[in-house]
Amino acid sequence: MSTARITVDREFVVGPVPRRLFGSFVEHMGRCVYTGIYEPGHETADEKGFRHDVLELTKELGATVIRYPGGNFVSGYNWEDGVGPVDQRPRRLDGAWHTVETNAFGLHEFVEWSALAGTEVMEAVNLGTRGVDAARELVEYANHPGGTALSDRRIANGAKDPFDIKLWCLGNELDGPWQIGHKTAGEYGRLAQEAAKAMKFVDPTIELVAVGSSGRNMPTFGSWEHEVLTHAYDEVDYVSMHAYYQEHDGDATSFLATAVDMDAFIEEVVSTIDGVKAAGKHRKQVDISFDEWNVWYQTGLDTDDQPHNVSKGWVEHPRLIEDQYNVTDAVVVGTFLNSLLRHGDRVKIANQAQLVNVIAPIRSEQGGPAWRQTIFWPFARMAALARGEILRTVVTSDKIDTPKYGDADLVDVSATWDEESGRVAFFLANRGLEEAADVEVALRGFSGARVTRAELLTVPEGGDRFTSNTEQAQDAVGLVPLEGVSVDGGVARLTLPALSWAVVELEVGTA
Ligand code: AHR
């Protein structure tokens, strides 16, 4: 049996849990919007065409903020195409995903859908093919109360009250050669600075995210953030990070340890931001918006239906990157959430990409059902239970020896303490493929703990690490009770089966 010892102390706090860490992403891509959140005529759809089965799952997932409308899509998008009478909206070619965009769904629909879902809108502007003017006009259209041409146009289009969108992305992945309107760091840094300035002239209350690197492996990673922030540090509030991971060549051990890479990536971006801050003698702090992250099996990208769907010709909402997630993926996603939470003093926003169908925790079929993928569970539980303050976790664990990352802790953890409810929550993963792990959690500064929740996601009986939820077996992988959790003398004890993710919540007093 492997072992791990975790210590938390009520006084050792990282910072408040940023509620925006539990964000998601809706892009006009594949079937995320069309036949995902929106499908007029579906048996659960309302008069607006919003699918209520997907809406209910979105609420259960607990997403707090949703980025929209892209992604690569936004870099060729005219926001004006998606407002006004639907029958007058233009059909357009979306070059990013080689798709016909009908524009039946646009800004008003997304804002209305978000209100029903109880989620904050995070709106991206197009800095690929467009620039300062379109960006500031969109802010005026969305946020200005009225009495100007653009705000009155919003009112005429049915929205009397301003949308009051606080969070805005200054484009998407403009460091990537695949991006429509790809730029050098210097070109983008100046454009982001000027767009930010003009957008804040319209509404000084908004918060802005500058585009960071599309991944840690980008050739310009580091120098991109440095140059962009050297131009735009004073005008922006966050810099973005994007990361997608997958299992390569059957190396599950390295895959299970990829949060090690995520940790390092975050710490490198923090260093770069702070270096620019010091060199520029800036006072304010820029933080991180990790606004695309997930498991994504990108090695399948060159097959028939991916990446740009060219082989299918120009069609509406084709099936694109509908990855089916298994038990291993769910454990890995649990460790990504741990990494984000552990860095919650600097990562203030994070968006799992995406919400429905496209590399998503929720799947739906046109005219058919919607269901939860395996990765739904760690996200839903953490979004619901990570409250109050993030606690620093000190871990002494047996190691797994990974080909890619060397030694990594067998047991990965994050923890929160909510004074209001008197609850401490632990989010744990056992990365070992073969062995269970005996875990001891020492609770310093707390007294009289009682277990209020203990749930587990692991390989189901008769399944294996590749078991997934499908249309036919929607609940093959879910949460089951984690038996045998005990607390005695300020120490909680539990056993994590091999390849598992768990949440343990304790009601505690303060010592
Ligand atoms: O989420 C899918 C795509 O991944 C997004 O459109 C893009 O920003 C990223 O490369």
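Whatever order the structure lists them in is the order used to number ligands and atoms, beginning at 1. Quick note: residue numbers are just sequence positions, from 1.
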For [atom], the protein heavy atom that lies nearest, with its residue and separation:
atom: atom 1 (O) of ligand 1; value: Tyr244 OH, 2.9 Å
atom: atom 6 (O) of ligand 1; value: Glu27 OE1, 2.6 Å
atom: atom 8 (O) of ligand 1; value: Glu292 OE2, 2.6 Å
atom: atom 2 (C) of ligand 1; value: Gln354 NE2, 3.4 Å

Residue that, paired with Asn172, satisfies side-chain hydrogen bond (donor to acceptor under 3.5 Å, both in side chains) out of Asp291, Asn126, Asn72: Asn72
At under 4.0 Å between heavy atoms, which part of Trp97 makes contact with ligand 1: side chain, backbone, both or neither? side chain
Backbone, side chain, both or neither: what part of Asn172 comes under 4.0 angstrom of ligand 1, heavy atoms only? side chain
Hey, could you give me the CD/CD distance between Gln354 and Glu27, rounded to the nearest 0.5 Å? 5.0 Å
Number the atoms of ligand 1 from 1 as they appear, then name those within less than 4.0 Å of a heavy atom of Glu173, with their elements.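 Here the atoms of ligand 1 in question are 7 (C), 8 (O), 9 (C), 10 (O).
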Near Phe25, which atoms of ligand 1 are under 4.0 Å from a heavy atom of that residue?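 Result: 1 (O).
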Taking the six-membered ring for Trp, are Tyr325 and Phe376 ring centroids under 6.0 Å apart?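 Here the rings of Phe376 and Tyr325 have centres that are no less than 6.0 Å from each other.
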Ring centres under 6.0 Å, that's the criterion: do Phe290 and His343 meet it?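 Distance test on ring centres: not under 6.0 Å, no.
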In short, side chain to side chain donor-acceptor pair (under 3.5 Å) pairs touching residues 113-124 with sequence neighbours left out are Arg20-Glu120
Assess Phe73 for proximity to ligand 1: is some non-hydrogen atom of it under 4.0 Å away?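 Judged by the 4.0 Å heavy-atom criterion, Phe73 does not count as contacting ligand 1.
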Tyr238 side chain to Glu207 side chain, donor-acceptor N/O pair below 3.5 angstrom: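 Side-chain D/A pair, Tyr238 to Glu207: present.
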Arg136: partners by salt bridge (Lys or Arg N to Asp or Glu O under 4.0 Å), with sequence neighbours left out: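 Partners of Arg136 under the salt bridge (Lys or Arg N to Asp or Glu O under 4.0 Å) test: Asp133.
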